[in-house]
Amino acid sequence: MPELPEVETVRRGLEPAMSAARIDDIEVRRPDLRFPFPMAFGARLRGRTVVGLGRRAKYLLADLDDGEVLVMHLGMSGSFRIEAEGDEATPGAFHHARSKATAHDHVVFHMSSGTRITYNDPRRFGFMSLIPRAELTEHALFRNLGVEPVGNTLDAAYLETAFRGKVTPLKAALLDQRIIAGLGNIYVCEALHRSGLSPTRPAGTLSSARPRKKPGPRAERLVVAIRDVIAEAIAAGGSSLRDYVHTDGSLGYFQHTFRVYDREGEPCRTPGCTGTVRRIVQSGRSTFYCPRCQR
DNA sequence: AGTAGAACCTGAGCGC
DNA sequence: TGCGCTCAGGTTCTAC
């Protein structure tokens, strides 16, 4: 469910409660999520202090004081919520609502900061793992990840090189985490729309077959669109963060305004375009785009 | 080598 | 009300 901007929003929301705080206690309520929890997961975390909270692609990385990293992935439906310790739900008449709200709470961290951090994940596509800091970049989860979509590592020349000769559709190439790490279905659709590029265009046609001195305009447009759409979504998440924390403590979901995603049959939002948003299926995933202004 | 499809799992929404 | 079907923002494995 969450893409990179949502994960970054979660990271920012968790940081004040989790970073520089000790895990006084942890409840692990089932043996596995997508994968089994590591051996003695709870015992290894109990008493540890989180020295920093980072992110790589869609992975949350909690650095621990013993040199290990608690790696957390939200899968499709994972979320965290933060509550003050001892702030229990109203009993009695509201019992039903309470039990509904806490279904699928799989892991609960009791932090020395006085907060309770609960991981909830109905579909259980998420997971948690413990990896020594020194082994992280060579670990199977991380060694094949491509560049982050924001920051200066992603540029038009990189994208042209990575896509050169590829026949696979642009949509699929952008979802390939080995090239750009962190883009998901929504923001790929949005970035392609902003750059006026068709999701079905072969990735290799982003530029000429032979390397040129300067990257082509399509690659430039796409890189700018990717950076913009991700940066705007992170900003939107940040601005919604305060509201969420103050209401029910849940993190990770916020209101988006998409230009194409989930807007099948609705008018294209490109200024001056009279097209209609269309939905197609590419490698089993929905793609939303405007056939009129995306070429 | 690259790609489509299935798999993992639960819930929401919709037509009947 | 309920049943059956489709779909969901991720990742990884298998089969062509």
Side-chain angles (χ1 to χ4, degrees), chain A residues 1-11 29-37 55-60 71-80 99-107 119-129 139-146 149 162-193 199-205 226 229-230 232-234 236-237 240 250-265 279-289:
Chain A
M1 182 98 118
E3 295 189 31
L4 186 150
E6 288 79 6
V7 177
E8 176 60 23
T9 299
V10 170
R11 191 197 69 75
R29 296 178 173 170
R30 49 175 302 128
D32 54 33
L33 294 171
R34 178 175 183 187
F35 308 122
F37 284 100
R55 177 191 60 74
R56 171 75 171 108
K58 299 165 195 165
Y59 298 87
L60 286 168
V71 177
M72 299 176 281
H73 195 289
L74 302 172
M76 290 276 266
S77 58
S79 65
F80 284 95
S99 56
K100 224 177 140 185
T102 59
H104 309 297
D105 284 353
H106 304 310
V107 181
Y119 178 71
N120 182 286
D121 188 355
R123 290 176 76 178
R124 304 200 304 274
F125 286 174
F127 64 90
M128 295 190 189
S129 189
H139 191 275
L141 289 171
F142 298 97
R143 69 172 165 237
N144 291 322
L145 287 181
F163 286 179
R164 182 163 295 127
K166 278 193 183 298
V167 181
T168 194
L170 207 40
K171 164 80 182 304
L174 289 172
L175 282 174
D176 188 342
Q177 303 295 300
R178 295 170 300 182
I179 300 172
I180 302 174
L183 290 185
N185 204 37
I186 291 179
Y187 295 109
V188 165
C189 291
E190 294 296 309
L192 285 170
H193 180 255
T200 62
R201 164 191 285 277
T205 66
I226 290 168
V229 80
I230 297 294
E232 283 173 29
I234 290 174
S240 73
S250 63
L251 297 169
Y253 299 86
F254 48 89
Q255 285 301 314
H256 308 266
T257 45
F258 301 129
R259 298 193 192 174
V260 282
Y261 185 82
D262 205 21
R263 295 190 61 244
E264 183 182 16
R279 174 184 178 270
I280 60 173
V281 175
Q282 292 178 290
S283 47
R285 320 282 310 271
S286 285
T287 299
F288 298 89
Y289 76 111

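Letters A, B, ... are given to chains in the order of the sequence lines, protein chains preceding strands, and every chain is numbered from 1. Nothing here was measured: the structure is a model prediction, and the numbers come from that model.
The P atoms of dC5(C) and dA7(B) are separated by 16 Å, rounded to the nearest whole Å. When the C1' atom is compared between dG9(C) and dT3(B), the two are found 22 Å apart, to the nearest whole Å. Across dC3(C) and dC9(B), the matching P atoms stand 23 Å from one another, rounded to whole Å.
Contact check, R285(A) against dC7(C): no side-chain N or O comes under 4.0 Å of OP1 or OP2. For the pair S286(A) and dA8(C), the criterion of a side-chain N or O lying under 4.0 Å from OP1 or OP2 is met. Side-chain nitrogen and oxygen atoms of S283(A) include none within less than 4.0 Å of the OP1 or OP2 phosphate oxygen of dT3(B). Within the 4.0 Å cut-off from OP1 or OP2 of dG9(C), not a single side-chain nitrogen or oxygen of Y187(A) is found. Considering only side-chain N and O atoms, H104(A) lies under 4.0 angstrom from the phosphate OP1 or OP2 of dG11(B).
For DNA chain C, if you chain together Watson-Crick or G-U pairs that step i with j, i+1 with j-1 and so on, the runs of at least three with distances under 3.5 Å are B:2-8 with C:10-16, B:10-16 with C:2-8.
Using a 4.0 Å heavy-atom criterion, one finds that R124(A) contacts the sugar-phosphate atoms exclusively. Among the protein residues, G184(A) comes within range of the sugar-phosphate backbone only, with heavy atoms under 4.0 Å from sugar or phosphate atoms but none that close to a base.
Rounded to whole angstrom, the span from the CD atom of Q177(A) across to the C1' atom of dT3(B) amounts to 17 Å. At whole-Å resolution of the value, CG in L74(A) and P in dA8(C) are 20 Å apart. Rounded to a whole Å, the CG atom of D262(A) is 17 Å from the P atom of dA12(B). Summarising the geometry, the separation between CG on L175(A) and C1' on dT11(C) is reported as 11 Å, rounded to the nearest angstrom. As rounded to whole Å, 11 Å separates atom P of dA4(B) from atom NZ of K171(A). Rounded to whole angstrom, the span from the CG atom of D176(A) across to the P atom of dG10(C) amounts to 13 Å. Per the geometry, CG belonging to N120(A) stands 13 Å off C1' belonging to dC9(B), to the nearest Å. One interatomic measurement links the two molecules: CD of Q282(A) to C1' of dG9(C), which rounds to 16 Å at whole-angstrom precision.
Of the listed nucleotides (dG11(B), dG10(C), dA8(C)), dG10(C) has the atom at the smallest distance from the side chain of K58(A). Of the candidates dT3(B), dC7(C), dG10(C), the closest approach to any side-chain atom of T168(A) belongs to dT3(B). Considering only the side chain of R279(A), dA8(C) comes nearest among dG10(C), dA8(C), dG11(B). The R123(A) side chain lies nearest to dT10(B) when the options are dT11(C), dT10(B), dG9(C).
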* To do: Check step by step if side chain to side chain contact (heavy atoms under 4.5 Å, CB included) holds for T287(A) and L192(A).
  => CA-CA 10 Å; T287(A) 299; L192(A) 285 170; 5.8 Å; no
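Between P169(A) and P122(A), the residue whose closest nucleotide on DNA chain B is further toward the 5' end is P169(A).
You'll find the ring centres of Y59(A) and F142(A) inside the 6.0 Å limit.
Taking OG1 of T9(A) as the reference point, atom CD1 of I234(A) lies at 7.0 Å (rounded to 0.5 Å). Atom CE of residue M128(A) and atom CG of residue D32(A) lie 12.5 Å apart, to the nearest 0.5 angstrom. To the nearest 0.5 angstrom, D176(A) atom CG is 8.0 Å from T168(A) atom OG1.
Residues E190(A) and H193(A) are not in side-chain contact: their nearest non-hydrogen atoms beyond the backbone lie 4.5 Å or more apart. The shortest distance between side-chain heavy atoms of K171(A) and N185(A) falls below 4.5 Å.
In this pair, F258(A) and Y187(A) present their aromatic rings perpendicular. The plane angle is above 60°, beyond the 30 to 60° band. Ring geometry, F127(A) versus H73(A): the interplanar angle falls under 30°, so the pair is classed parallel (tilted spans 30 to 60°).
Stacking between F125(A) and dC8(B) is shown: the ring centroid lies under 5.5 Å from the centre of the six-membered base ring, and the planes differ by under 30°.
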